[in-house]
Every structure is written in C-alpha cells, then in structure tokens.
Amino acid sequence: SSTCSSVVATFWLEPRFVAMAVVLMTDSSPSETNSRSELIVKPKEGEYFDSTMGNSFADVTAGFGTSAGQFAFWIEGADSSDLLLPVKCFSEVPREAYLIPRVPEGTWRLCAAVWEPPQAVPAARPAMPEDLAIGSNSGFRVACRAKVHFTVRRFEDFAAGYEWQ
C-alpha cells in the first residue's frame with residue numbers, strides 16, 4: 001500500500017492580487033521509505049542541485065545511515081543507461097558525508113547496498129552494479145539496498161519577455 005499526503009499554501013502578491021498555490025505531495029510505500037532512511041540519508045528523493053557559476057556540473061554530497069556490513073554505492077543514469085560513478089566499496093558504511101565532485105547536469109540515481117562476499121571467495125568485492133543486482137549469479141549476498149533519484153541543473157532567474165510571439 002502507499003500513503004499520500006499534501007500541503008497547500010496560498011500566497012497573495014500585492015498590488016495585483018495574484019494568487020499562487022504551492023502543493024507538496026509524497027507517495028511512497030513504507031518499506032521503501034524505511035530502507036531509504038536507514039541507508040541513504042542524503043540526497044533526499046527528488047532533490048535538485050544547482051550547477052553554479054555557469055558550469056554544467058555540481059558537487060553532490062552523499063550521506064549514509066547506519067547499518068552493519070560491507071558497503072558499496074554508485075551513481076547511474078536515471079534510466080540505468082550510464083554509469084557516472086563506478087562502484088565504490090567500503091568495509092563499513094561511511095559515517096561522514098561523501099563528496100562526489102563534478103556531477104554533470106541531468107537526472108541521476110544514487111544506489112547503495114550492504115553486502116557480504118561469496119563464501120567461496122571471502123576477499124571478493126563487487127566490480128560493477130550487476131554483481132549486486134537481484135538474481136545475479138555473482139555469489140554476493142545483499143542484505144539491504146536503496147536508490148534515490150536526484151537532479152543537477154542550472155537554475156536561471158526569470159526574465160520576462162515582452163515580444164509578441
């Protein structure tokens with residue numbers, strides 16, 4: 001089942017009495033929310049990062065929750081077509097924020113997993129996301145996984161145009 005909540009706020013702008021409504025809606029299943037909040041703390045689902053100073057990229061900070069086990073994360077395109085950041089493996093979940101520099105404009109997905117190596121090769125580490133995929137024959141056992149979408153884009157100030165189109 002899924003939950004949906006909304007908040008509506010109306011603002012009156014003087015002197016022309018223009019009304020603007022802001023609506024915030026969330027829709028997620030409880031199990032996805034729990035795994036996200038435990039494993040990926042930052043960025044939040046759907047968060048936007050501004051590519052500043054006229055650049056076409058932004059520095060993104062990732063923060064992870066607490067969980068026991070070996071940890072891996074990577075960044076891929078929202079449609080799983082591109083792998084922006086290869087799999088980074090750690091012996092435990094990082095306690096401090098992790099800076100990912102120069103993420104280009106676009107919609108991306110931060111993926112994370114807590115995993116255990118195959119029993120036959122205890123020193124093995126996943127080399128690509130497919131090693132930790134559901135139904136993979138790589139032998140890695142995934143205890144917990146999470147995915148969060150975020151977008152990097154350049155925000156521009158609104159400039160009204162008065163030319164007839």
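None of these values were measured; they are calculated from a predicted model.
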[X]: partners by side-chain hydrogen bond (donor to acceptor under 3.5 Å, both in side chains), with sequence neighbours left out:
{"X": "E105", "answer": "S51"}
{"X": "N137", "answer": "none"}
{"X": "E92", "answer": "none"}

- Message: More than 12 heavy atoms of other residues, nucleotides or ligands under 6.0 Å from CZ of F90: yes or no?
- Response: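 Count over threshold, so yes.
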
Does [X] share a hydrophobic cluster with [Y], counting links as ILVMFWY side-chain heavy atoms below 4.5 Å and allowing steps through other members?
{"X": "V148", "Y": "V93", "value": "yes"}
{"X": "L85", "Y": "V60", "value": "yes"}
{"X": "F71", "Y": "L132", "value": "no"}

Which atom of [X] lies closest to which atom of [Y], heavy atoms considered:
{"X": "A127", "Y": "D131", "answer": "N-OD2, 2.8 Å"}
{"X": "A72", "Y": "V87", "answer": "CB-CG1, 3.9 Å"}
{"X": "L110", "Y": "P43", "answer": "CD2-CD, 3.6 Å"}
{"X": "A124", "Y": "P117", "answer": "O-CB, 3.7 Å"}
{"X": "S67", "Y": "L39", "answer": "CB-CD1, 4.4 Å"}
{"X": "L83", "Y": "P129", "answer": "CD1-CG, 3.9 Å"}

- Steps toward side chain to side chain contact (heavy atoms under 4.5 Å, CB included) verdict (F73, I100): CA-CA 11 Å; F73 78 94; I100 305 158; 4.2 Å; yes

Report the distance from atom [atom1] of [X] to atom [atom2] of [Y], rounding to the nearest 0.5 Å.
{"X": "R102", "Y": "L84", "atom1": "CZ", "atom2": "CG", "result": "11.5 Å"}
{"X": "R153", "Y": "S56", "atom1": "CZ", "atom2": "OG", "result": "14.0 Å"}
{"X": "I40", "Y": "C144", "atom1": "CD1", "atom2": "SG", "result": "9.0 Å"}
{"X": "S136", "Y": "R141", "atom1": "OG", "atom2": "CZ", "result": "14.0 Å"}

- So, do P126 and C89 sit near enough that their side-chain heavy atoms are less than 4.5 Å apart? yes

- Just grab all the salt bridge (charged side-chain N to carboxylate O under 4.0 Å, His left out) pairs involving residues 47-59, residues at least two apart or on different chains. none

- Message: Checking W115 against R125 for the side chain to side chain contact (heavy atoms under 4.5 Å, CB included) test, could you report, in this order, the C-alpha distance in whole Å, the side-chain angles of both residues, the deciding distance, and whether it holds?
- Response: CA-CA 9 Å; W115 56 275; R125 298 185 131 203; 4.2 Å; yes

- Task: Go through the steps for F57 and V103 under the test side chain to side chain contact (heavy atoms under 4.5 Å, CB included), then give the verdict.
- Result: CA-CA 5 Å; F57 58 85; V103 176; 5.8 Å; no

- Item | Centroid-centroid distance, Y98 to F64, less than 6.0 Å |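 Ring centres of F64 and Y98 not closer than 6.0 Å.
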
- With sequence neighbours left out, what residues match W74 under ring pair (Phe, Tyr, Trp, His ring centres under 6.0 Å)? none

- Query: Within the side chain of E116, is there an N or O that forms a donor-acceptor pair under 3.5 Å with the backbone of F140?
  - Reply: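 No; judged by distance alone, with no hydrogens or angles, the pair does not exist.
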
- With sequence neighbours left out, what residues match R109 under salt bridge (Lys or Arg N to Asp or Glu O under 4.0 Å)? E76

- Assess whether side chain to side chain contact (heavy atoms under 4.5 Å, CB included) is satisfied between I134 and R145, documenting all intermediate values. CA-CA 10 Å; I134 296 172; R145 69 179 77 233; 3.7 Å; yes

